[in-house]
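Worth saying up front: this structure is predicted, and the values here are computed from it rather than measured. Sequence lines set the chain letters: A, B, ... in the order given, protein chains first and strands last, and positions in each chain run from 1. The figures here come from the full heavy-atom set of this structure, side chains too, leaving out hydrogens, waters and symmetry mates.
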Amino acid sequence: MSKSRTIYDKIWDDHLINTNEDGTSLIYIDRHLVHEVTSPQAFEGLRMTNRKVRCPDKTLAVVDHNVPTTDRKNGIADEESRIQVEALSKNCKEFGVEYFNELDIRQGIVHVVGPEQGFTLPGTTICCGDSHTSTHGAFGALAHGIGTSEVEHILATQTLIQRKAKNLKVNVGGTAPDGVTAKDIILSIIGEIGAGGGTGSVIEYSGKAISDLTMEGRMTVCNMSIEGGARAGLIGPDEKTFAYIKDRPRAPKGDDFIKAVTYWDSLNSDRDAFFDREVYLDAASLPPVVTWGTSPEDVVSINGEVPDPDVITDENRKESKKSALEYMDLKPGTKIKDIKLDVIFIGSCTNGRIEDLREVAKVVEGQHVNENLNAIIVPGSGLVKEQAISEGLDKIFMAAGFEWREPGCSMCLAMNPDKLTPGQRCASTSNRNFEGRQGFRGRTHLVSPAMAAAAAIAGRFVDIREFAK
Amino acid sequence: MDKFKNLTAVAASLPEINIDTDKIIPKQYLKTIERTGLGKGLFSELRYNDDGTENKNFVLNKPQYKNAKILVAGDNFGCGSSREHAPWALLDYGIKVVISTSFADIFYNNCFKNGMLPIILDEKEVSMLMEETERGSNATLTVDLENQEITRSDGDKINFKIDKFLKHCLLNGLDDIALTLEKNKDIESYEQDLRNQRPWL
């Protein structure tokens with residue numbers, strides 16, 4: 001009888017090719033997602049060494065970071081962006097990799113596209129040259145971001161050299177109150193463990209509040225694992241997972257699906273499996289939250305105030321938080337609800353899915369965006385956009401004064417023309433509030449889609465629980 | 001990949017915690033399709049004033065640190081994105097060693113693919129080295145990977161730990177992909193088993 005194992009242990013064991021004496025292991029990678037920013041140097045490396053892509057059928061490429069979100073039928077105006085996009089197209093053709101270009105309805109943010117296509121499956125190892133690859137962990141997959149050298153390594157060998165990480169269990173019990181979403185749960189977790197709290201670990205999220213989440217909500221949670229320092233975060237698969245996958249274009253069909261479900265079902269952590277560390281949060285006590293600083297760990301309740309760094313004892317930490325406040329142009333003691341906004345960004349691989357858009361529509365229907373701000377909605381993929389249109393959400397957004405855009409990463413990292421100007425303050429449903437992330441000297445507050453929507457109407461932060469009344 | 005054996009150089013410190021990859025190399029520099037030439041973008045939002053001139057207050061712009069090849073940084077250095085452009089930019093600028101209490105996993109890993117050495121020390125040792133960097137161009141450290149030790153300007157030594165495999169690759173400048181391809185038979189036999197056990201993949 002083998003000893004009790006976590007889901008991470010099980011997926012690891014099933015992908016282990018061999019382990020060296022020094023403890024490093026070669027693991028097999030089932031799925032490789034590729035986008036235009038972190039792949040050109042990897043393909044160039046293959047060319048220089050006369051190597052091929054080992055498994056083109058286990059590789060899927062899509063363009064997302066650079067694409068404009070306005071009409072792109074006439075091409076990409078920015079020359080560097082255009083060159084990078086063209087390079088991906090050319091590389092995919094040369095190496096036989098399937099590619100969704102900017103005019104393909106299936107195009108979108110790589111982490112929205114993978115699950116949508118059924119490319120993301122439980123029990124698989126998934127890599128992408130992007131730190132938010134952790135998103136796919138929502139399906140009970142071991143998914144993490146890699147650098148370009150490792151992209152090249154996977155393209156050439158379909159494997160990765162790894163050392164096993166620690167198991168960190170984040171148990172979120174209780175029922176999340178109305179208005180407290182997956183985004184509030186994950187931001188609260190990061191606030192609790194810190195931006196480096198998960199370093200060296202794979203997180204397993206469990207507990208009632210996690211199983212209560214839809215697949216979209218679970219993706220939001222796993223997506224931000226990396227903001228807590230964990231390369232991967234995952235959730236054991238269940239009926240919701242299987243129902244989401246069934247009939248997706250790349251999902252197993254017929255007998256294969258039935259066999260697959262039996263395997264997927266066996267992956268959940270054994271009851272007495274060992275975790276190196278466990279953290280508990282009670283969802284029932286969580287409020288909607290907002291970040292005030294320049295690290296995703298800088299989390300505070302919507303009913304709270306900007307904290308005072310002077311109470312921090314560690315000098316480096318104190319100085320860092322003071323400099324964050326200076327950057328954000330905020331003073332300790334300022335009520336979060338008094339913070340006025342210039343821009344609202346709804347989208348990203350964290351919150352650019354259909355359910356997120358439905359949440360926003362519910363809040364803004366029949367209302368109008370505050371006259372002092374600009375609000376944009378960028379769907380996570382062409383298929384999300386199509387679904388939203390079929391539900392009439394686009395009409396609600398446009399009637400409320402939102403700009404309704406084409407899919408892509410957009411203002412989450414501002415590599416395309418969507419960016420904040422210096423000094424602008426944004427409520428964003430994305431994942432990073434780093435300095436300059438959404439544009440040079442731009443200021444980012446991370447929130448849930450519902451909170452961003454309410455802020456768009458009010459022009460400042462409001463408690464969605466009161467707003468809904 | 002270039003080998004890394006040892007390095008004697010000036011060290012500069014960036015005590016701030018959570019220095020993220022967006023700060024190390026902002027996104028406007030990610031549009032390149034090359035690995036080289038990113039040094040100009042390193043810490044660009046801190047390094048340059050709005051008019052493009054150098055910000056004299058930024059540590060790497062101070063004359064005594066102009067030749068710094070070692071960075072001593074605050075906790076959780078390199079957090080955020082997986083962009084390998086971060087180590088590429090540091091390397092292109094001339095930084096080959098970063099010392100901190102902790103690094104983000106992906107950044108840490110990326111360094112080793114580029115002949116760079118990230119060193120983890122405890123809090124006391126890092127703050128000691130940060131103090132040492134205040135001696136400016138006299139703050140010369142010697143990093144010896146073979147013996148896993150840092151020699152301070154006064155001759156005192158600090159030992160550091162490092163993964164055996166990573167050390168071996170760095171000392172010999174080994175190419176990971178070539179190493180893995182030596183195990184092609186193992187990969188093929190794994191793939192054969194996979195087709196039987198999980199045919200849907």
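- To the nearest 0.5 Å, the span separating CD on Gln197(B) from CG on Asp14(A) amounts to 7.5 Å.
- Heavy atoms from other residues, nucleotides or ligands lying under 6.0 Å from NZ of Lys66(B) number more than 12.
- Counting heavy atoms from C-beta outward, Thr49(A) and Ile177(B) have side chains that stay 4.5 Å or more apart.
- Of all residues spanning residues 119-148 of chain B, those with a heavy atom less than 4.5 Å away from chain A's heavy atoms are Glu123(B), Met130(B), arranged by number.
- Taking the charged nitrogens against the carboxylate oxygens, Asp20(B) and Arg437(A) have no contact shorter than 4.0 Å, which rules out a salt bridge.
- Using cut-offs of 30° and 60° for the angle between ring planes, the Trp200(B) and Tyr263(A) rings count as tilted.
- Contact tally against chain A (heavy-atom pairs below 4.5 Å) for His85(B), Lys164(B), Arg35(B), Gln28(B): the top residue is Arg35(B).
- Salt bridge absent: Glu152(A) and Lys113(B) never bring a charged side-chain N and a carboxylate O closer than 4.0 Å.
- Between Arg163(A) and Asp163(B) there is a side-chain heavy-atom pair separated by less than 4.5 Å.
- Here the straight-line distance linking atom CG of Asp256(A) with atom CZ of Arg198(B) works out to 13.0 Å at 0.5 Å rounding.
- Taking the side chain as every heavy atom from C-beta outward, Lys321(A) and Asn18(B) approach each other to under 4.5 Å.
- The shortest distance between side-chain heavy atoms of Glu191(B) and Cys55(A) falls below 4.5 Å.
- For the atom pair CD (Glu319(A)) and CD1 (Ile17(B)), the distance works out to 11.0 Å, reported to the nearest 0.5 Å.
- Counting heavy atoms from C-beta on, the side chains of Thr32(B) and Glu80(A) never come closer than 4.5 Å.
- Between the CZ atom of Phe440(A) and the CG atom of Asp50(B) there is a distance of 4.5 Å, given to the nearest 0.5 Å.
- Atom OG in Ser131(A) sits 14.0 Å away from atom CZ in Phe107(B) (nearest 0.5 Å).
- With contacts defined as side-chain heavy-atom distances shorter than 4.5 Å, the pair Ile106(B)/Arg231(A) qualifies.
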Exercise for review: Assess whether side chain to side chain donor-acceptor pair (under 3.5 Å) is satisfied between Arg54(A) and Asn184(B), documenting all intermediate values.
Suggested key: CA-CA 11 Å; Arg54(A) 185 186 178 93; Asn184(B) 196 33; 2.8 Å; yes
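- The CG atom of Leu26(A) sits 10.5 Å away from the CG atom of Leu179(B) when rounded to the nearest 0.5 Å.
- Considering only heavy-atom pairs separated by less than 4.5 Å from chain A, the leading option among Glu45(B), Lys23(B), His168(B), Arg83(B) is Glu45(B).
- Asn109(B) places none of its side-chain heavy atoms less than 4.5 Å from the side chain of Ile146(A).
- Side-chain contact between Tyr108(B) and Thr199(A) is absent, with no heavy atoms from C-beta onward closer than 4.5 Å.
- Checked by atom type and distance alone, the side chain of Lys31(B) never pairs as donor or acceptor with a backbone atom of Glu79(A) at under 3.5 Å.
- Considering every non-hydrogen atom in both Glu84(B) and Thr148(A), the closest pair reads OE1-N, 2.8 Å.
- Identified under the ring pair (Phe, Tyr, Trp, His ring centres under 6.0 Å) test for residues 176-195 of chain B, with sequence neighbours left out: Tyr28(A)-Tyr190(B).
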